[in-house]
Amino acid sequence: MRRSEALAELELGEDATPREIKAAYRDLVKVWHPDRFGDNSRLRQRAEERLQRINEAYRRLESGDFAPEPSFANEFVADAPPRVRVKTRAEKDRELRGWVYLAIFLAVGAFVGFAIVRHVRAEREAAEMVTPVQGPSGATPVLSARPTGDSNKVARREEPAVRVTHLSDAQMQQIATACGGIAPDSQLHVDCVRAQVAAMTGAVDMTGLTAEERLSVQHVCARATSYGQCAAAQIASLSAVTLRPDVSRLNSRDRSAVERACVSARDHDGPAAYDRCVVEFEKVLATQR
């Protein structure tokens with residue numbers, strides 16, 4: 001029995017004095033003396049057991065014969081479960097918002113980075129598409145127009161690059177102006193450059209053609225083996241057209257209708273077929289007025 005257990009048996013605290021211990025013992029002996037319970041054997045037995053424990057506690061307190069008290073001051077309990085702090089709802093909401101903001105930031109950063117890379121790549125391909133370089137003499141500006149880009153794109157064809165010398169800065173600026181509205185990494189841009197170069201170097205004279213007729217020649221002859229021969233044949237076919245239309249005389253609505261009706265003839269059949277289509281369509285518009 002330990003001292004703390006003996007004091008508890010006498011219903012005393014740890015700071016009890018010897019006088020208080022003796023008084024408590026006398027009181028408990030009177031309360032739990034078996035003679036107080038008369039002929040009730042059950043209560044007498046319980047009183048005897050309690051009185052025995054009271055006597056034992058008092059004897060040990062008087063003699064000081066106690067078992068050592070356990071010390072937990074420096075004892076490490078290895079099996080004790082860790083104390084887990086439960087997050088509040090507000091803390092959980094703040095943490096969730098933080099993750100959402102991080103995801104949005106990463107998505108926006110990835111999109112901006114992708115846009116910048118595409119812009120830089122387009123500018124590089126545009127610079128490679130039409131680039132002023134040096135001619136054989138090392139001093140004369142020349143125009144180099146060649147397909148660039150991925151091998152799966154239409155612009156990557158096995159064709160000789162357009163390379164013409166003796167172009168002035170004004171001619172190069174004219175080509176840039178004429179083809180500037182077309183995507184620089186497309187085959188259409190290459191075709192436009194080739195057509196402009198051919199016209200400037202005297203291979204094809206398009207001075208008498210309207211803008212739509214000139215565009216038709218470019219589209220039809222863009223993929224011909226000899227652009228000059230194709231363009232000359234298309235221009236020659238215009239001599240068979242008795243009436244050359246002028247769409248500039250039409251209002252914007254009629255001009256749009258003509259373009260929609262005759263765009264296929266312009267891009268695939270040539271300027272002569274395009275002019276005949278426009279003339280016929282103008283007759284139809286005249287009957288509807």
Engineer: Can you sort out the partners of Arg94 under salt bridge (Lys or Arg N to Asp or Glu O under 4.0 Å), two or more places apart, ordered by chain and number?
Structural biologist: none
Engineer: Salt-bridged, Arg60 to Glu56, with N to O below 4.0 Å?
Structural biologist: yes
Engineer: Show your reasoning for whether side chain to side chain contact (heavy atoms under 4.5 Å, CB included) applies to Ser237 and Gln234.
Structural biologist: CA-CA 5 Å; Ser237 67; Gln234 291 295 331; 4.1 Å; yes
Engineer: Assess whether side chain to side chain contact (heavy atoms under 4.5 Å, CB included) is satisfied between Leu7 and Ile21, documenting all intermediate values.
Structural biologist: CA-CA 8 Å; Leu7 290 172; Ile21 292 174; 4.1 Å; yes
Engineer: Can you find a heavy atom in the side chain of Val278 that is under 4.5 Å from one in the side chain of Glu282?
Structural biologist: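 They are in side-chain contact.
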Engineer: Are Leu61 and Ile54 linked, directly or through other ILVMFWY residues, by side chains that come within less than 4.5 angstrom of each other?
Structural biologist: yes
Engineer: Between Ser216 (side chain only) and Glu213 (backbone N and O only), is there a donor and an acceptor less than 3.5 Å apart?
Structural biologist: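 Here the side-chain-to-backbone pair does not exist.
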Engineer: Following the transitive rule for hydrophobic clusters with a side-chain heavy-atom cut-off under 4.5 Å over Ile, Leu, Val, Met, Phe, Trp and Tyr, establish whether Leu28 and Tyr58 coincide in one cluster.
Structural biologist: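 Linked within one cluster.
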Engineer: Is the number of heavy atoms from other residues, nucleotides or ligands under 6.0 Å of Arg26 CZ greater than 12?
Structural biologist: no
Engineer: Salt-bridged, Glu9 to Arg2, with N to O below 4.0 Å?
Structural biologist: no
Engineer: Does Glu91 use its side chain to pair, donor to acceptor, with the backbone of Thr88 at less than 3.5 Å?
Structural biologist: yes
Engineer: Atom CG of Leu43 and atom CH2 of Trp32: how far apart are they, to the nearest 0.5 Å?
Structural biologist: 9.0 Å
Engineer: Check whether any side-chain N or O of Arg214 sits under 3.5 Å from a backbone N or O of Leu209 as a donor-acceptor pair, and report yes or no.
Structural biologist: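 Yes.
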Engineer: Using the rule that two of Ile, Leu, Val, Met, Phe, Trp, Tyr join whenever any of their side-chain heavy atoms come within less than 4.5 Å, decide whether Trp99 and Phe105 are in one cluster.
Structural biologist: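 Cluster IDs for Trp99 and Phe105 match.
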Engineer: Might you point out which heavy atoms bring Leu12 and Glu20 nearest each other, and give the distance in Å?
Structural biologist: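 In this case the closest contact between Leu12 and Glu20 is CD1-O, 4.0 Å.
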Engineer: Looking at every heavy atom in both Ala47 and Pro34, which two are closest together, and how far apart are they?
Structural biologist: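 So the minimum-distance heavy-atom pair works out to CB-CA, 4.2 Å.
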Engineer: Which is it for Leu215 and His219 under the side chain to side chain contact (heavy atoms under 4.5 Å, CB included) test, yes or no, and what are the steps along the way?
Structural biologist: CA-CA 6 Å; Leu215 183 61; His219 284 187; 3.5 Å; yes
Engineer: Between Arg118 and Arg121, is the side chain to side chain contact (heavy atoms under 4.5 Å, CB included) condition met? List the steps.
Structural biologist: CA-CA 5 Å; Arg118 288 204 58 180; Arg121 184 179 300 173; 5.7 Å; no
Engineer: Could you tell me the separation between the CG atom of Leu10 and the CD atom of Glu5, rounded to the nearest 0.5 Å?
Structural biologist: 12.5 Å
Engineer: Start with the C-alpha gap between Lys22 and Glu62, add the side-chain angles, then the distance that decides, and say whether salt bridge (Lys or Arg N to Asp or Glu O under 4.0 Å) holds.
Structural biologist: CA-CA 9 Å; Lys22 184 176 292 188; Glu62 286 291 315; 5.7 Å; no
Engineer: Is there a path of hydrophobic side-chain contacts, each under 4.5 Å between heavy atoms of I/L/V/M/F/W/Y residues, joining Val29 to Phe37?
Structural biologist: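 Unlinked, Phe37 and Val29 end up in two clusters.
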Engineer: Rounded to the nearest 0.5 Å, how far apart are NE2 of His33 and CZ of Arg36?
Structural biologist: 10.5 Å
Engineer: Could you list all the salt bridge (charged side-chain N to carboxylate O under 4.0 Å, His left out) pairs where at least one residue sits in residues 257-274, not counting sequence neighbours?
Structural biologist: Glu212-Arg266
Engineer: How long is the gap from SG on Cys262 to CD on Glu280, to the nearest 0.5 Å?
Structural biologist: 9.5 Å
Engineer: Please check: side-chain N/O of His268 versus main-chain N/O of Ser264, any donor-acceptor pairing under 3.5 Å?
Structural biologist: yes
Engineer: Working note: Glu49 + Arg46, criterion salt bridge (Lys or Arg N to Asp or Glu O under 4.0 Å); need CA distance, chi angles, decisive distance, verdict.
Structural biologist: CA-CA 5 Å; Glu49 293 174 355; Arg46 291 187 61 185; over 6 Å; no
Engineer: Examine Phe114 and Leu106 and state if one hydrophobic cluster contains both, with Ile, Leu, Val, Met, Phe, Trp and Tyr joined whenever side-chain heavy atoms are less than 4.5 Å apart.
Structural biologist: no
Engineer: What's the spacing between Leu96 CG and Lys92 NZ if we round to 0.5 Å?
Structural biologist: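 Leu96 atom CG to Lys92 atom NZ measures 11.5 Å (nearest 0.5 Å).
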